[in-house]
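Worksheet for the structure shown next.
One-based numbering, in listed order, for ligands and for the atoms of each.
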Amino acid sequence: MQTKLLGTTEYDIAEAGRIIADGGLVAFPTETVYGLGANAFDDDAVRRIYCAKGRPSDNPLIVHIAQKEDIAELVREVTPKAQALIDAFFPAPLTIILKKSDKIGSTVSGGLDTVAVRMPQNEVARAIIKASGCPVAAPSANTSGLPSPTRAKYVIDDMMGKIDAIVDGGDCEYGVESTVITLAEPTPVLLRPGAVTKEMIEAVIGEIKIAPAVIEGMKNDEVAASPGMKYKHYSPKARVVIVNADREHYEQFVNSRKDCFALCFDDDNVTVPKVTFGRENDDLSQARELFDALRMLDEMGAKKVYARIPGKDGVGMAVYNRLIRAAAFEIIDLTKPFTVGLTGQTGAGKGYVCNELKKHGFKIIDCDAVARSITKKGSPVLDELANAFGNDILVDGELDRGLLASRCFDTKEHTDLLNSITHPRIAQLCRQQADGICVLDAPQLFEAGLEKDCYKVICVVADEPTRIKRIMARDNITEQQARARMSAQYDEDFYISHSDYTVYNNGENIATQIENILEVIL
Ligand code: TXA
Ligand code: MG
């Protein structure tokens, strides 16, 4: 099929309108993203939209109108709340869902009994709709699954040869699709955030709900309020991972990684190749540039992309909603002090794994060393221990470790008392050492409750004979003594079930196991 490239002259707009009236498909600019339009009353034409986009047929389209009154024939009733929103906002990057009239066919509505209606702000868009003489069904003009097009160039990339015409009206002002709200239910629900924010809508019609999928993504058993929410979306070819961190830690993290791209804000200081999406604290600029940035990353051949996390307020909610889909909901949480908590049974070979992690740029925080340091002469913890276990455990201010051990390991209560004194102090000192991407090497990670401070927990396990051999050699003790130490710890199942990942360290493939884990979590 020959695709005509049109501009925005009077002649071109009339031509675009005529093509739509005749049952053809025209991509045109709106203030949000480019739309791919067809006569909403022409079922065959609408079907061709799904075809050109490769869109699942149960995902309904938005019907675009040129003037407010035109909504009346599309819906069963313009409810008072709908009328209030229309009066307050239309024309706007806002889509309202109501029960549909009989004029709306099941192809447009994706088989639902509702219809989504929007009156675009963009004058070229409205002129084309007007010229066509009919309401215009139009999804975003991208191939299904790819980022919505914010420039004619991207429409050409996706749609050349598949549709009748493309109208080039320059770059889109907002850059994210319209806000979608349903008024077909007793309580209004925001299904897709956009440039008309929750706060702006609530100022007009009072409190609204936000569909959980907006921020969290769909649970497997959840029924989509908006079918569009359940499909993979806005995905570049690259794997995008959101990094939840402030600017400093984001930069530090990205700069410690190899073979990656940064998707960050204009002023972020990164040493890896970067594509930016607007300025920090400027959600409108982020919205405008996000999809363009995602497409650019593909053009640059990016394979792995670390994205700076946007704020979630105002239009930021729309930016976050799109980005988290582009990232398939993958987030690295660097707001926790420790990137990795590393633990495991005695003799499992945790130290070896630690060294491997070091090679990947992790700073290691040695929890045992911290634990030893807090019982050195002069440490305030010693006084608390003396209060709990008797003053004679201190000799000239030095801790008699043997005596303490005999008094604190005799009963579980005593052990718990010891831990309640030492663990908080150890945790505090470890947190102070945390910096950038780091591993907390902690045999007692779970006992101290430190797993909550780790983005991911990795445990190291090994089979029993191997562990016994290692402990005997390491500590120069008998098999019986080794077994006694082992029995004082949680069993292997506990470690495995309480950790995110397990390294099996019987001496083989450690580097590969670590690489595989890091590939998934970073
Ligand atoms: O800004 C926009 O809204 C752009 C421009 C072209 O107007 N259009 C757009 O359309 O983004 P589309 O089809 O890409 O996204 C429409 C979204 C989809 O997630 C769809 O599932 C949802 O709106 N939707 C449409 N009709 C619906 C209905 N009756 N009930 C629930 N969700 C609906
Ligand atoms: Mg779309």
Ligand 1 versus K53, non-hydrogen atoms closer than 4.0 Å: side chain, backbone, both, neither?
-> neither
Looking at F90, does the NZ or CZ of K68 lie under 6.0 angstrom from its six-membered ring centre and within 45 degrees of the ring axis?
-> no
Out of N59, T114, T30, whose heavy atom sits nearest atom 20 (C) of ligand 1?
-> N59
Strictly under 6.0 Å, is that where the ring centroids of H249 and F253 end up?
-> no
Step through the shown structure and confirm whether more than 12 heavy atoms of other residues, nucleotides or ligands are within 6.0 Å of CD on E69.
-> yes
Got more than 12 heavy atoms from elsewhere within 6.0 Å of NZ, K304?
-> yes
Near L112, which atoms of ligand 1 are under 4.0 Å from a heavy atom of that residue?
-> 28 (C), 29 (N), 30 (N)
Considering only heavy atoms of G35, which atoms of ligand 1 have at least one such atom less than 4.0 Å away?
-> 6 (C)
Taking only heavy atoms of T32 into account, list the atoms of ligand 1 that are under 4.0 Å away from them.
-> 1 (O), 2 (C), 4 (C), 5 (C)
Consider every N or O of Y34 and every N or O of ligand 1, then say whether any pair is closer than 3.5 Å.
-> no
Step through the shown structure and confirm whether more than 12 heavy atoms of other residues, nucleotides or ligands are within 6.0 Å of CD on E123.
-> no
Is ligand 1 under 4.0 Å from a heavy atom in the side chain of K100, in the backbone, in both, or in neither?
-> neither
Relative to the heavy atoms of I62, which atoms of ligand 1 are at a distance of less than 4.0 Å?
-> 3 (O), 8 (N), 9 (C), 10 (O), 16 (C)
For the Mg ion (ligand 2), does an N/O/S atom of S148 lie at less than 2.8 Å?
-> no
Numbering the atoms of ligand 1 from 1, which are under 4.0 Å from a heavy atom of H64?
-> 5 (C), 6 (C), 7 (O)
Any side-chain donor paired with an acceptor under 3.5 Å for S148 and E177?
-> yes
Should S109 be listed as contacting ligand 1, given a heavy-atom distance under 4.0 Å as the test?
-> no
For the residue pair F277 and F265, categorise the inter-ring angle as parallel (less than 30°), tilted (30 to 60°) or perpendicular (more than 60°).
-> tilted
Those atoms of ligand 1 less than 4.0 Å from some heavy atom in S140 | 8 (N), 9 (C), 10 (O), 12 (P), 14 (O)
With rounding to the nearest 0.5 Å, note down the distance linking NZ in K336 to SG in C454.
-> 8.0 Å
Kindly say whether the aromatic ring centers of F446 and F494 come within a distance under 6.0 Å.
-> yes
Honestly, for A138 the part within reach of ligand 1 (heavy atoms, under 4.0 Å) is backbone
